[in-house]
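Indexing begins at 1, ligand by ligand and atom by atom, following the structure's order. Counting begins at 1 with the first residue of the sequence. Nothing here was measured: the structure is a model prediction, and the numbers come from that model.
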Amino acid sequence: MSSNGTNGNTSSEASRLKDPSLFSTKIVIGSQRLDSHSGKTFDVVYPGDRKVIVATIPECNTQDVNDAVSSCLSTFKEFSQTTARQRSDLLRKLNDLTLANIDDLATLIVRENGKTRAEAEAEVKYAASFLSWFANMAEVGCQGETIAAANPSMRIQTIRQPIGVVACLLPWNLPLAMATRKIGPALAAGCTCIVKPAGETPLSTLAFAELVKRAGYPDGCVNVVTTLDNVAEVGKAICEHKHVRKVSLTGSTRVGKLIAQQSASTLKKLSMELGGNSPVIVMNDATIDKAITGVLLAKLRTSGQTCVAANRILVQSGIHDKFLEALKEKIKTYKQGDGEDSSTMLGPLITDRAVEKCRAHVADALEKGAELYYGPQPPSSFPDEGGFFYPPTILTGLSDDMQIATEETFGPVAAIRKFETEEEALEIANNSDVGLGAYVYTNDLRVAARMSAGIETGMIGINTGMLSACEAPFGGVKESGYGKEGSIHGMAEYQIMKSITTDVSG
Ligand SMILES: NC(=O)C1=CN([C@@H]2O[C@H](COP(=O)(O)OP(=O)(O)OC[C@H]3O[C@@H](n4cnc5c(N)ncnc54)[C@H](O)[C@@H]3O)[C@@H](O)[C@H]2O)C=CC1
Ligand SMILES: O=C(O)[C@H](O)CS(=O)(=O)O
């Protein structure tokens, strides 16, 4: 294991930054920036042209995980004793530093994820919102209770305490926002963190760890381990480590089930923000322009790579044809290309596997009776070279037997299905093992109320395609997982509540 003492910003990529010292390619263990014990590395590829190796990053193993947890544990003894006020002040400094470095953080997100700069800057602001939110929550969320005991001799109180060492497992689609959505409440509660970003997108998390240090946090509050190909070993080491008391995962349901199994031996507290299959229901009385805008936002944000992406678009028969025509006219205007090009509206997907998944979903749907309403016919649907692009596509005639109806496409493919009645739409929408987000377009409050009650998801947007905000509880039901992130509920995920009964008689 070597340490060059700096953050390894030897890459030409660092020259893209105003502050090249934010280009960090070493893992973070306490005060040290290190290579992995194995000395092995992996490359981060720019999805916009799949050629440039953006950075070479340590491929961690069990020893690295153990070092990171040891760092968390030793710092926890000190950090857990800070006051809520102190932790609130630190989060405000971290929020301010994050926003002050928005240009560089956005550059790193564009380079590692491929999304447009506009989306990357929006993500940095979204990420910072969790820091400012939990700066406010730090003092509120740490309050306990005094309970009137039935026994006059007794005084019953509760206090909230940090749960301990927290593991944060992050997805690649919003690498920074998903980091702060976990690290923010964990630090607010007084926990210390071992953070594992997705192998595809480690750079914004490593830069954020630099800002944590600059904000004045004790070394060891936020430790970062990285892996791409050794994730099974690293994940197992995290899940089975007895000093890791909490795991917060944002990722697929497949990985969520694995984490739950592996964490069972030490009975860790878990927050599971997993996969979705979001239905959109457009009723005949919907305002069509609003519906088109919202559906395309829910479908195409981050090129369709969000867990709350519109995956099944159900349109009532009376508005179906008009809606389709308007959707096609609008989707045509979405220009794909390099994220740094200001005219680009859709960046590439994260890998060629993601492109292949879109192609396979379209091909499968067409074989099972769907029609290609807009977009290229597979397999000519994606370029032979260049970035990981899949062209925006509209399919009609969606049916439950198609892969695109039961799996997240995670790409710019809009699958439309006509329905007749409200009851039919609700039945189709709920025919899924997962339940994260859903969207309903109607001007009838009674329909909105019935749909809000009847749809089996954790979150619903009514006449909007955006249901995420730091103040709103984010999380799903069924196999989309459990736990809430953000909101007044998000901090309790990182705390224990202790009840204290005192005999005050005599
Ligand atoms: N509910 C939510 O808030 C969100 C859910 N997602 C879901 O995540 C998926 C796409 O994101 P991905 O990063 O591809 O998900 P993924 O499940 O493949 O990976 C998520 C994280 O888990 C890690 N991981 C993978 N195997 C692991 C193992 N054996 N042990 C420990 N960690 C492991 C990955 O390295 C990554 O850091 C989609 O299903 C999407 O719906 C994505 C973003 C938000
Ligand atoms: O990672 C994701 O997909 C996010 O949870 C979706 S959102 O918070 O940006 O809506």
Side-chain angles (χ1 to χ4, degrees), residues 42 60 65 113 115 119 122-123 125-127 129-130 167-182 194-202 205 224-241 244 247-263 270-278 297-298 301-311 349-351 353-354 357 407-411 434-437 439 457-459 461 464-470 472-487:
F42 63 88
C60 288
V65 168
N113 174 280
K115 66 178 66 174
E119 285 190 315
E123 182 184 341
K125 291 172 184 169
Y126 183 42
S129 72
F130 290 105
C168 305
L169 307 179
L170 310 179
W172 45 258
N173 59 349
L174 287 97
L176 187 61
M178 296 305 99
T180 60
R181 196 158 84 175
K182 300 172 188 307
I194 171 174
V195 182
K196 194 211 72 62
E200 295 84 353
T201 54
T205 301
V224 184
V225 296
T226 52
T227 178
L228 180 66
D229 302 318
N230 199 31
V231 69
E233 178 187 335
V234 167
K236 191 168 185 293
I238 289 172
C239 292
E240 294 181 349
H241 200 298
V244 173
V247 178
S248 180
L249 165 73
T250 292
S252 62
T253 294
R254 175 187 69 83
V255 173
K257 291 179 177 177
L258 181 58
I259 298 297
Q261 285 168 356
Q262 292 180 334
S263 300
L270 302 176
S271 291
M272 290 279 166
E273 300 295 346
L274 306 178
N277 182 6
S278 299
L297 174 62
R301 182 161 64 98
T302 314
S303 295
Q305 301 173 114
T306 74
C307 57
V308 286
N311 208 59
L349 304 185
I350 191 69
T351 62
R353 290 190 314 279
K357 186 174 187 182
E407 297 172 9
E408 288 174 303
T409 303
F410 244 51
V434 296
L436 190 60
Y439 308 86
T457 58
M459 302 170 286
T464 177
M466 175 58 87
L467 38 77
S468 315
C470 62
F474 193 101
V477 296
K478 298 198 282 189
E479 295 192 13
S480 286
Y482 41 80
K484 290 295 180 183
E485 294 198 298
S487 79

*Would you say Thr180's side chain and Phe130's backbone share a donor-acceptor pair under 3.5 angstrom?*
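Looks like no, no N/O pair under 3.5 Å.
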
*Counting only N and O atoms by type, is there a donor-acceptor contact under 3.5 Å from the side chain of Lys357 to the main-chain atoms of Gly411?*
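No.
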
How far is [atom] from the closest protein heavy atom, and which atom is that?
atom	answer
atom 8 (O) of ligand 2	Tyr126 OH, 2.6 Å
atom 10 (O) of ligand 2	Ser468 OG, 2.3 Å
atom 3 (O) of ligand 2	Cys307 N, 2.8 Å

*asked:* Assess whether a salt bridge exists between Glu479 and Lys257, defined as any Lys/Arg side-chain N lying under 4.0 Å from an Asp/Glu carboxylate O.
replied: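 A salt bridge links Glu479 with Lys257.
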
*asked:* For Lys236, is the NZ atom crowded, meaning more than 12 foreign heavy atoms sit under 6.0 Å from it?
replied: no

_Derivation of the side-chain contact (heavy atoms from CB on, under 4.5 Å) call for Thr227 and Glu233_ = CA-CA 10 Å; Thr227 178; Glu233 178 187 335; over 6 Å; no

*asked:* Heavy-atom contact check, 4.0 Å cutoff: does Arg181 meet ligand 2?
replied: yes

Please tabulate, one line per pair, the protein nitrogen or oxygen atoms found under 3.5 angstrom from a nitrogen or oxygen of ligand 1, with distances to 0.1 Å, or say none if there are no such pairs.
residue	atom	partner	partner atom	Å
ligand 1	1 (N)	Glu273	O	3.0
ligand 1	1 (N)	Leu274	N	3.1
ligand 1	1 (N)	Leu274	O	2.7
ligand 1	3 (O)	Arg181	NH2	3.0
ligand 1	8 (O)	Gly251	O	3.3
ligand 1	8 (O)	Ser252	N	3.2
ligand 1	13 (O)	Trp172	NE1	3.3
ligand 1	14 (O)	Trp172	NE1	2.7
ligand 1	17 (O)	Ser252	N	2.7
ligand 1	17 (O)	Ser252	OG	2.6
ligand 1	35 (O)	Lys196	NZ	2.8
ligand 1	37 (O)	Leu170	O	2.5
ligand 1	37 (O)	Lys196	NZ	3.0
ligand 1	39 (O)	Glu408	OE1	2.6
ligand 1	41 (O)	Glu408	OE1	3.0
ligand 1	41 (O)	Glu408	OE2	2.4

_Any nitrogen or oxygen of Val308 lying under 3.5 Å from a nitrogen or oxygen in ligand 2? Just yes or no._
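For ligand 2, there is no N or O atom that lies under 3.5 Å from one belonging to Val308.
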
*asked:* Does ligand 2 come near enough to Asn173 that some N or O of the ligand is less than 3.5 Å from an N or O of the residue?
replied: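 Checking ligand 2 against Asn173, an N or O pair does fall under 3.5 Å apart.
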
_Show, in sequence, the C-alpha distance, side-chain angles and deciding distance for Glu273 and Lys182, and conclude whether the salt bridge (charged side-chain N to carboxylate O under 4.0 Å, His left out) test is met._
CA-CA 11 Å; Glu273 300 295 346; Lys182 300 172 188 307; over 6 Å; no

What I'd like to find out is whether the side chain of [X] reaches to under 4.5 Å of the side chain of [Y], using heavy atoms alone.
X	Y	value
Pro175	Leu170	no
Val224	Pro197	yes
Ile350	Asn173	no

*Taking Glu123 as the fixed residue, which of Arg301, Lys115, Arg181 is the one that meets the salt bridge (Lys or Arg N to Asp or Glu O under 4.0 Å) rule?*
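Testing each of Arg301, Lys115, Arg181 against Glu123, the sole residue satisfying salt bridge (Lys or Arg N to Asp or Glu O under 4.0 Å) is Lys115.
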
*For Phe474, which residues count as a ring pair (Phe, Tyr, Trp, His ring centres under 6.0 Å) partner, sequence neighbours excluded?*
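Partners of Phe474 by the ring pair (Phe, Tyr, Trp, His ring centres under 6.0 Å) criterion come out as none, since no residue qualifies.
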
Residue [X] vicinity, atoms of ligand 2 by number, heavy atom under 4.0 Å:
X	answer
Thr306	3 (O)
Arg301	7 (S), 9 (O), 10 (O)
Leu174	1 (O), 2 (C), 3 (O), 4 (C), 9 (O)

*Heavy-atom distances under 4.0 Å are what count here, so tell me which part of Met466 touches ligand 2: side chain, backbone, both or neither.*
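Within the 4.0 Å criterion, Met466 makes no contact with ligand 2.
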
